[in-house]
Amino acid sequence: MKDGEEAVATVRSVVAGTDDLIKDITIRANGAMFTCNVGISHHGWPRLTGKPPPKELRPFREIKGEKHTAVATPGDLLYHLRAASPDLIVEFEKILLEAFGDSVTAVDDVTGFRYFDGRDLLEFADGTANPDGAALPAATLVGDEDPAYAGGSYVVVQKYLHDLSAWRAQTTGTQEEIIGRTKFDNVEKPDATEGQKSHKTLCTIQDADGEHDILRDNMPFAHPGTGEYGTYFIGYSRHLWVTEKMLERMFLGDPPPLHDRILDYSRAVTGATFFCPARAFLAALGD
């Protein structure tokens with residue numbers, strides 16, 4: 001988001017009109033699925049809303065482990081789009097950026113796709129631990145602990161690039177030990193109680209209140225002509241600290257310095273945190 005009152009006013013107006021932009025697309029979609037979530041960063045929040053930030057909203061914190069780093073990268077706004085076909089995505093982006101004009105600069109634009117039966121490009125099923133049913137809103141939507149922003153969600157995004165040649169050089173057994181699940185039938189392997197832990201175990205957050213879940217809405221992306229293969233991590237949570245704790249355990253290790261071995265094959269090149277308010281909150285920004 002550019003500096004200056006005029007640019008901020010334009011962005012505020014466009015963000016407030018998100019529902020109208022969505023209708024412009026869905027009316028042409030013939031019932032096909034299209035969703036749009038809008039996230040605002042800690043840096044962009046006061047300029048865009050003029051209100052105190054949600055209780056846990058803060059900039060993405062770089063996590064520097066002994067071998068790998070979760071980098072922090074800039075970004076004021078996040079538009080997370082999902083659709084049944086790419087034409088809806090392209091058309092929405094086109095009208096959105098036309099509305100923003102020169103008030104914003106796009107810093108990252110990633111197009112994901114569904115890879116076979118919901119697997120990532122490491123060929124393991126992704127998001128298998130996601131909450132569902134009544135557990136989904138309980139894990140992802142802010143409640144009475146922050147009533148001004150109830151119904152919103154914290155979202156952390158990271159762009160990971162994979163070294164597929166190195167990954168495929170590993171045996172299936174080694175890959176399964178790293179992930180913590182069997183590759184073909186997706187059965188959980190026993191958790192290690194000490195020493196090196198799997199990706200699954202490191203990303204399981206428990207305390208006296210029980211296990212804390214997040215919604216992983218990850219998508220694979222690829223540009224085979226340039227050898228780029230990756231996963232775009234998108235984690236929605238009711239409490240930002242849960243996602244932060246997962247990343248700390250991955251990059252620092254539990255115990256340190258036994259980092260998540262998936263990072264030996266997947267490198268984080270972006271990292272940002274946003275809050276996605278309820279749609280009514282966004283619409284009220286135009287009042």
Side-chain angles (χ1 to χ4, degrees), residues 35-37 39 41 60-65 67-75 77-83 85-86 89-90 92-93 105-130 155-170 172 174-181 183 186 198-200 202-203 214-237 243-244 246-252 259-274:
T35 65
C36 169
N37 290 336
S41 74
F60 186 94
R61 298 169 175 172
E62 178 182 278
I63 306 170
K64 191 170 183 62
K67 188 175 180 182
H68 302 289
T69 300
V71 298
T73 50
L77 290 173
L78 169 71
Y79 274 80
H80 177 200
L81 313 176
R82 298 196 68 177
S85 57
I89 300 289
V90 171
F92 184 88
E93 284 193 52
T105 299
V107 295
D108 200 19
D109 186 354
V110 179
T111 301
F113 58 92
R114 183 174 177 82
Y115 186 58
F116 293 105
D117 52 343
R119 295 176 181 265
D120 58 27
L121 292 176
L122 301 181
E123 299 180 331
F124 280 77
D126 202 2
T128 53
N130 277 346
V155 57
V156 174
V157 297
Q158 288 178 295
K159 183 179 182 179
Y160 285 88
L161 298 179
H162 302 319
D163 184 346
L164 289 188
S165 295
W167 178 252
R168 289 176 173 173
Q170 308 307 308
T172 296
T174 297
Q175 293 177 355
E176 290 177 342
E177 290 298 325
I178 292 172
I179 299 298
R181 293 179 181 272
K183 189 169 186 177
N186 194 40
S198 69
H199 175 71
K200 178 205 65 158
L202 289 169
C203 291
I214 69 169
L215 173 66
R216 298 164 179 82
D217 213 357
N218 308 343
M219 293 297 289
F221 64 92
H223 300 95
T226 59
E228 183 181 76
Y229 298 92
T231 296
Y232 200 84
F233 168 76
I234 309 174
Y236 287 90
S237 60
T243 309
E244 291 178 331
M246 289 182 181
L247 295 178
E248 288 174 4
R249 285 164 60 90
M250 286 177 61
F251 283 83
L252 300 180
H259 65 269
D260 190 335
R261 289 178 294 166
I262 200 173
L263 299 176
D264 295 335
Y265 310 94
S266 299
R267 177 170 57 95
V269 295
T270 69
T273 298
F274 304 89

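Side-chain atoms are counted along with the backbone in the values below, which use heavy atoms only and exclude waters and symmetry mates. One is the number of the first residue; the rest follow in order along the sequence.
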Asker: For F274 and S41, which heavy atoms make the closest approach, and how far apart are they?
Answerer: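 Scanning both residues completely, I find the closest heavy atoms to be CD2-N, 3.6 Å.
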Asker: Is the CZ atom of F116 crowded by more than 12 outside heavy atoms at less than 6.0 Å?
Answerer: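 For F116, atom CZ is not crowded (no more than 12 foreign heavy atoms under 6.0 Å).
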Asker: Would you mind reporting whether V71 and Q158 have side-chain heavy atoms less than 4.5 Å apart?
Answerer: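 No, their side chains stay 4.5 Å or more apart.
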Asker: Give a yes-or-no answer on whether the side chains of D264 and H259 include a donor-acceptor pair shorter than 3.5 Å.
Answerer: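 Per modelled atom types, D264 and H259 side chains form a pair under 3.5 Å.
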Asker: With a 4.5 Å cut-off on side-chain heavy atoms, are R216 and I234 touching?
Answerer: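 A side-chain contact under 4.5 Å is absent here.
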Asker: Quick one, T273 and V155 - any side-chain contact, counting heavy atoms below 4.5 Å?
Answerer: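 No, side chains not in contact.
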Asker: How far apart are the closest heavy atoms of H162 and S266, and which atoms are they?
Answerer: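 Answer, listing the atom of H162 first, then S266: ND1-OG, 2.8 Å.
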Asker: Working to the nearest 0.5 angstrom, can you tell me the gap between Y115 OH and F221 CZ?
Answerer: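 Answer rounded to 0.5 Å: 14.0 Å.
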Asker: How far apart are the closest heavy atoms of M250 and Y160, and which atoms are they?
Answerer: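 So the minimum-distance heavy-atom pair works out to CE-OH, 4.2 Å.
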Asker: Sequence neighbours left out, what passes side chain to side chain contact (heavy atoms under 4.5 Å, CB included) with I178? Give chain and number order.
Answerer: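 Side chain to side chain contact (heavy atoms under 4.5 Å, CB included) check on I178 returns W167, T174, R261, I262, Y265.
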Asker: Side chain of T231, backbone of P220: donor and acceptor closer than 3.5 Å?
Answerer: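 No.
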Asker: Is it the case that H80 and Y236 place a side-chain donor and acceptor less than 3.5 Å from each other?
Answerer: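 Result is yes, a qualifying pair exists.
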Asker: To check you understand the geometry: which heavy-atom pair defines the closest contact between I214 and G235, and what is its length?
Answerer: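 It is CD1-CA, 4.3 Å.
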Asker: Would the distance check show the side chain of E176 and the main-chain N or O of K183 forming a donor-acceptor pair, the cut-off being under 3.5 Å?
Answerer: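 Between the backbone of K183 and the side chain of E176 there is a qualifying donor-acceptor contact (under 3.5 Å).
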Asker: Assess whether a salt bridge exists between R267 and D163, defined as any Lys/Arg side-chain N lying under 4.0 Å from an Asp/Glu carboxylate O.
Answerer: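 The answer is no: the pair does not qualify as a salt bridge.
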Asker: Do the non-hydrogen side-chain atoms of T270 and V107 ever get within less than 4.5 Å of each other?
Answerer: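 No, side chains not in contact.
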Asker: Within the structure provided, determine whether Y79 and F92 are in side-chain contact (heavy-atom separation under 4.5 Å).
Answerer: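 In contact.
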Asker: Donor-acceptor pair, D120 side chain versus E123 backbone, under 3.5 Å?
Answerer: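 Answer holds: yes.
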Asker: Starting from the C-alpha separation in whole Å, work towards a yes-or-no answer on side chain to side chain contact (heavy atoms under 4.5 Å, CB included) for E228 and L161.
Answerer: CA-CA 7 Å; E228 183 181 76; L161 298 179; 3.7 Å; yes
Asker: Taking all non-hydrogen atoms of both residues, which atom of I63 and which atom of E248 are closest, and how far apart?
Answerer: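 So the minimum-distance heavy-atom pair works out to CD1-N, 3.8 Å.
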Asker: So, taking the atom named CG in L121 and the one named OH in Y229, what distance separates them when rounded to the nearest 0.5 Å?
Answerer: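 It comes to 8.5 Å.
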Asker: For D108 and K159, run side chain to side chain contact (heavy atoms under 4.5 Å, CB included): C-alpha distance rounded to whole Å, both residues' side-chain angles, the deciding distance at 0.1 Å, then the answer.
Answerer: CA-CA 10 Å; D108 200 19; K159 183 179 182 179; 3.5 Å; yes
Asker: Within the side chain of N130, is there an N or O that forms a donor-acceptor pair under 3.5 Å with the backbone of L215?
Answerer: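 The answer is no, because no donor-acceptor pair under 3.5 Å joins these two groups.
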Asker: Between R119 and D126, is any pair of side-chain heavy atoms under 4.5 Å apart?
Answerer: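 When only atoms from C-beta onward are counted, D126 and R119 do not touch, as no gap falls below 4.5 Å.
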Asker: Hey, are the side chains of L202 and H199 touching, using non-hydrogen atoms and a 4.5 Å cut-off?
Answerer: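 The answer is no, as the side chains (C-beta and beyond) never meet within the 4.5 Å cut-off.
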Asker: Which heavy atom in L252 sits nearest to a heavy atom in K64, and how many Å separate them?
Answerer: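 Nearest heavy atoms, L252 then K64: CD2-O, 3.6 Å.
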Asker: Carefully, step by step, assess D217 and R82 under the rule side chain to side chain contact (heavy atoms under 4.5 Å, CB included).
Answerer: CA-CA 10 Å; D217 213 357; R82 298 196 68 177; 2.6 Å; yes
Asker: Evaluate the criterion side chain to side chain contact (heavy atoms under 4.5 Å, CB included) for residue pair F251 and D260; output intermediate values, then yes/no.
Answerer: CA-CA 6 Å; F251 283 83; D260 190 335; over 6 Å; no
Asker: Any side-chain heavy atom of V157 sitting closer than 4.5 Å to one from F233?
Answerer: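 No, too far: nothing below the 4.5 Å cut-off.
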